[in-house]
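Taking it in order: structure first as structure tokens, then the write-up.
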Amino acid sequence: MPAETLEQLVSLCKRRGFIFLGSEIYGGLQGTYDYGPLGVELKNNLKRLWWRHNVYERDDMEGIETAILMNKHVWKYSGHEETFVDPLVDCKTCKGRFREDKLADGICPKNPKKRPGECEGQLTEPRSFNLMFKTQVGPVPDPESYAYLRPETAQGMFVNFKNVLDSTNRKLPFGIAQIGKSFRNEITPRNFLFRVRELEQMEMEYFVKPGMDEELHEEWIQDHLNWWVNEVGLDREKLALHEHPKEKLSHYSKRTVDILYKFPTLGFDELEGFANRTDFDLGSHSRDQEKLNLTARVAKNEHSTERLTYFDHENNKHIVPFVIEPAAGVDRGCLAALSEAYNEETLENGDVRTVLKLKPALSPIKVAILPLKKNADEIVNCAKSIKKTLQAKGNMRAVYDDTAGIGKLYRRQDEIGTPFCVTVDFDTIGRSDDTSLQNTVTVRDRDTMQQVRIPIAELLNYVTERI
């Protein structure tokens, strides 16, 4: 039985050390979460899969890491100062503040059973609220000495377009990839990891010649749809594509399509977005815009020192590339992976087994080494030696655990998604009548619970082939 509610996932994440509420001992800070010992492994594994697929396995992609703090003019000419806003309303009675377009998701602080506007409170007229965090730069407060925490990683790639182009000699089409933190001052953070104030993004900007954009836009959508299914393990039946209506497109977009995932409680909601941003961004950050023959209408930039163009040798002229942007949230990706993997199974004896059937490449721990008897020195030493070998030679996260009986240890590893448990017993160390079992261990599969006996010398290859 899969997870039916977000509460099931929240409980598991807290209990087993995946995700904690930020600043919890002080009552928390809404919209912030800390990744625990298992959560940080899951998150890093998801990012590694994404980076491998989009950077290492392609010949047209470069990686980059840009600053969180940027010159304030970046956000002026990108349009964020003017358009990165949500409609805010206040309740004159309970003093709560809510997104006017998401009142159905809000909760009245004084009457949690009712939605904003359904109680006796009176809502104000909506006003625009900019979601960027503003911060002071430098030791002396000054009206002009401010910057913003970036609300997206994309602009760092746009302003570095010429740096990457000049240092790598790339030819169109090519892309820049980045994984990093972004910050959005959400009016009403909600739904666990789904809408937070501090998030991590996996984004790419793929630069193409005008005229190639529509075909390549569609290719990226299909490529990443397959990646979520084949690499992350999401059920294709729980994924859907959503085409943004033209009247609701962002100011920079020619076409935007979202991949939606069917989350517990929430239903279908955005997992990754794909925008055809035309030449808006490179044009916005360029000087001498009147010479660039821009397709998109952009605000005249009076501060940039560069023309962000590409010299097309075929036509012997400078062009402003169009941009295809696949953008996914790491946190939402982790939530989708946990949602997909969570399962409760009723066993033959009536017990309920909670198991995370994560793809092995995503699992925080690949192998758990379990001694059958924790006060038998030979067994313990052998188990710890196996654990050390798997981590060193297999480059995988392995753990040694002797804190409970073998049955409870199996259940614990099932619940955190460990694909394999290796049991070291008296047969392993040759202290039984069956000498043929010496130097062998029992390997238990998480999903089937089936066990096989294999030589210790073959264990590394056995596990590696399966993860």
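As a basis for the values below, the full set of heavy atoms in this structure was taken, side chains included, without hydrogen atoms, waters or symmetry mates.
- Aromatic rings from F161 and F207 are positioned such that their centres are separated by under 6.0 Å.
- A donor-acceptor contact closer than 3.5 angstrom links the side chains of R412 and T403.
- A ring-centre distance under 6.0 Å is found for H251 and F280.
- Of the charged side-chain nitrogens involved, at least one lies within less than 4.0 Å of a carboxylate oxygen, so that E218 and R255 count as a salt-bridged pair.
- Cation-pi geometry between R184 and F133 is not met at under 6.0 angstrom from the ring centre and within 45 degrees of the axis.
- Side-chain contact, H242 with E270: no donor N or O sits under 3.5 Å from an acceptor N or O.
- Taking the charged nitrogens against the carboxylate oxygens, D269 and R195 have no contact shorter than 4.0 Å, which rules out a salt bridge.
- Under the 30°/60° scheme for interplanar angles, the aromatic rings of Y261 and F263 are found to stand perpendicular.
- Cation-pi geometry between K387 and Y400 is not satisfied (NZ or CZ under 6.0 Å from the ring centre, within 45° of the ring normal).
- Relative to the ring axis of Y462, R466 places its NZ or CZ within 45° and under 6.0 Å from the centre.
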Verdict with supporting geometry, H224 and W220, ring pair (Phe, Tyr, Trp, His ring centres under 6.0 Å): CA-CA 6 Å; H224 276 211; W220 276 109; 5.5 Å; yes
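- Relative to the six-membered ring of F194, R332 meets both conditions, a distance below 6.0 Å and an angle of at most 45° to the axis.
- Geometrically, K72 does not engage Y148 in a cation-pi contact, judged by NZ or CZ lying under 6.0 Å from the ring centre and within 45° of the ring axis.
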